[in-house]
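Inspection log for the structure reproduced underneath, given as structure tokens.
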2 protein chains.
Amino acid sequence: MKANLVVHTQSHDYPIIITSQCDMAKEIAPYIKGKQVMIVTNTTVEKLYLADLAAGLEEDFEVMSVVLPDGEQYKTQQYIDTIYDALMDNHCSRDVTLVALGGGVIGDMTGFAAASFMRGVNFIQIPTTLLSQVDSSVGGKTGINHPKGKNMIGAFWQPQMVLADMHTLTTLPQRELSAGMAEVIKYALIMDETFLDWLEDNMAALMGLDKVALAEAVARCCQYKADIVAQDEREAGKRALLNFGHTFGHVIETHEGYGQWLHGEAVAAGMVQAAQLSHKMGWISEAQLQRICAVLISAKLPTQPPSIDTQIALDLMQHDKKVKSGQVRLILLKSVGDAVVTADFEPKLLEEVLASCVPN
Amino acid sequence: MKANLVVHTQSHDYPIIITSQCDMAKEIAPYIKGKQVMIVTNTTVEKLYLADLAAGLEEDFEVMSVVLPDGEQYKTQQYIDTIYDALMDNHCSRDVTLVALGGGVIGDMTGFAAASFMRGVNFIQIPTTLLSQVDSSVGGKTGINHPKGKNMIGAFWQPQMVLADMHTLTTLPQRELSAGMAEVIKYALIMDETFLDWLEDNMAALMGLDKVALAEAVARCCQYKADIVAQDEREAGKRALLNFGHTFGHVIETHEGYGQWLHGEAVAAGMVQAAQLSHKMGWISEAQLQRICAVLISAKLPTQPPSIDTQIALDLMQHDKKVKSGQVRLILLKSVGDAVVTADFEPKLLEEVLASCVPN
């Protein structure tokens, strides 16, 4: 099977091609302008897919590659410099195309390198994790972490195309499949209760790597995100809803050190915290809160954050990009499938939610 | 006197305010959104203008500053990181406004930091050199140097407003005034022979710091550039003409080490080389070539590059951003006031021009 959807952005439109299994080189070649291709990947994905992709492109293009270490802790300026150095050492010109072959970290870094090399060159994404297929394929967010905050440095930069090949999920560790499923579940919680019904019915197939079910889930998530981003490319309004669970999740990731909790795991626990606060405000019922926990558990995801001192958590929240003039804004649920951005919550209720994860 | 012009760009319109002497804080305050202001300046400009500007803003805003060392050699990733650190340490949020107080280096770096901090925040430019007033005020080019090439890392990012105060030119060393005049002369050579007539008539007043003449020259240059950029924000076509003299000039700067030749000095010598090649191709006359040298000399600018081996110069040209798939493209003069971008020149003639600067 093969599904296409087109993403509309302010700068240009591009396709997302979703396949069960494909010849990657053949799929991306039509979207490469110019002669030079720089593939950016990591040490894990390199072993699985780099040789075939490079070989498939070599007949028509000058193919180069740069291999970064694998992990969120390497999503730093230092490794952006590694990409710049590779581009300069190989005499790459303004018509080079960067290809991100890997998960979200590789996609974010390659995208930011593409956004900033010579003030912007083309790039193509081949996301090889479920998380990056549903999260990074749409929206043009690229960037790196700062020692004091996640994703603090970056740019909005749109790819020329995205290739999501479900076959790559068969080589993904189960823990990362689950982490990606957290973002899938997020779309249901903020956008569409009927998608939550679908996920509850199909979670066994999804976790069992049924490619048809996976492609369906990926396509639906990309479409949800594309609809939001088309309305709001630079995150002035509705796009912020996509950060459901992320303010809480970023606290977990920053506090525990990048790479200890997977992003999706932190988002899963963060969504439960956001749902708890929504419940304390009288918006969602205890039964809805339990339903949210249950679907996360069926995807083998954590529903409890680690122990973090409440004051430290509040301080870390101040560093979140959604803070406006010092005021923390959160995405909360009016009901399942209906999220809002708000700074209008009782600070005491937020503290209760944060405190409930500290052991007595 | 006070002149305003409005620059139209794809993302938004913004004003350039050109004054003889003003209260900087009062002029920029209406363009600051949010409460946080981070002024970026260097050790030289700090002593002249920082205290007054900060004091003028402090009543209405939370004012912070970061002071970088002065010089092109500091236009590097390391000092972008210094700006990021200042933003993070001061808990700056997405609605912070960065203010670039200084010349082209400060403008380029502040703009790139603004483009990449939290994927883009507002910035305002207060260019304090003639070069930055006529060159960096329009076009949204921001960036830094890579050890292997000038301006290789960066972004297109537009300011909220630009304030060009002619009074700041009275504190500028004469050598830097001349360097800025190179870019002023450039506009005449590529765009408008009548402006070259005007410059010949008014060069004594300009070099004597007559503020009315300076404001007239700055306004005309900004208008020329705004007209070009409005047509071609991302440098697909006509905008490349603004790089007249720059491919040759970049060779000089890279070879001699950043900071030895001022950018404008290198551009002046580079424009003479480009004019020499245009003459060798039968496009401009010997008299026109001499006229170009004469106006540069009247602005106390060099018309001879330093001695550089021809093969090294050719290799350095390959790194230029205007190279398309390995082919060097140059901006040459069909006549005075009429420039073209072309890759269609005799390589032998280019080598002759480059070789003529190597002593026998």
Side-chain angles (χ1 to χ4, degrees), chain A residues 10-11 33-36 62 76-78 80-81 83-85 87-96 108 111-113 115-121 139-144 146-149 151-157 233-236 315 318-329, chain B residues 10-11 33-36 62 76-78 80-81 83-85 87-96 108 111-113 115-121 139-144 146-149 151-157 233-236 315 318-329:
Chain A
Q10 281 180 12
S11 58
K33 317 289 175 220
K35 279 288 163 204
Q36 296 177 313
E62 178 194 341
T76 60
Q77 187 63 53
Q78 181 188 343
I80 291 290
D81 291 343
I83 302 174
Y84 292 151
D85 291 345
L87 290 163
M88 291 300 292
D89 291 345
N90 286 282
H91 296 250
C92 288
S93 67
R94 196 180 272 172
D95 57 357
V96 66
D108 285 1
F112 183 47
S116 54
F117 183 64
M118 294 195 180
R119 301 199 190 90
V121 299
K141 280 192 182 181
T142 71
I144 54 174
H146 184 274
K148 296 196 176 176
N151 291 323
M152 283 292 154
I153 313 301
F156 284 92
W157 197 245
E233 188 167 340
R234 298 200 72 87
E235 195 163 300
D315 287 350
Q318 287 292 334
H319 265 307
D320 190 86
K321 289 195 295 303
K322 284 175 292 304
V323 170
K324 274 225 171 180
S325 299
Q327 193 165 38
V328 174
R329 297 186 306 152
Chain B
Q10 281 180 13
S11 56
K33 317 287 175 221
K35 280 288 164 202
Q36 295 178 313
E62 179 194 342
T76 60
Q77 187 63 53
Q78 182 187 342
I80 291 290
D81 290 343
I83 302 175
Y84 292 152
D85 290 346
L87 290 163
M88 291 300 292
D89 291 345
N90 285 283
H91 296 251
C92 289
S93 68
R94 195 181 270 172
D95 56 357
V96 67
D108 286 2
F112 184 47
S116 52
F117 182 63
M118 293 195 181
R119 300 197 191 94
V121 298
K141 281 192 181 179
T142 72
I144 53 173
H146 184 274
K148 295 195 175 174
N151 291 323
M152 282 292 154
I153 313 303
F156 285 91
W157 196 246
E233 188 167 342
R234 298 201 72 87
E235 195 161 300
D315 287 349
Q318 287 290 334
H319 264 306
D320 191 88
K321 288 193 297 300
K322 285 175 292 302
V323 169
K324 273 224 174 182
S325 299
Q327 195 166 36
V328 174
R329 297 185 305 152

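Below, read A as the first sequence line, B as the second, and so on, with proteins coming before strands; counting in each chain starts at 1.
For B:Asp89, the salt bridge (Lys or Arg N to Asp or Glu O under 4.0 Å) test picks out A:Lys148, with sequence neighbours left out. With sequence neighbours excluded, the residues forming a side-chain hydrogen bond (donor to acceptor under 3.5 Å, both in side chains) with A:Asp85 are B:His146, listed by chain and number.
Proximity of A:Asn151 to B:Arg119: side-chain heavy atoms (C-beta onward) are separated by under 4.5 Å at one or more points.
Separation of atoms CD (B:Gln77) and OG (A:Ser116) is listed at 8.0 Å; rounding is to 0.5 Å. Note that CZ of A:Phe117 is 6.5 Å distant from CD1 of B:Ile153, once rounded to the nearest 0.5 Å. Atoms NE2 and CD, on B:His91 and A:Gln318 in that order, are 8.0 Å from each other to the nearest 0.5 Å.
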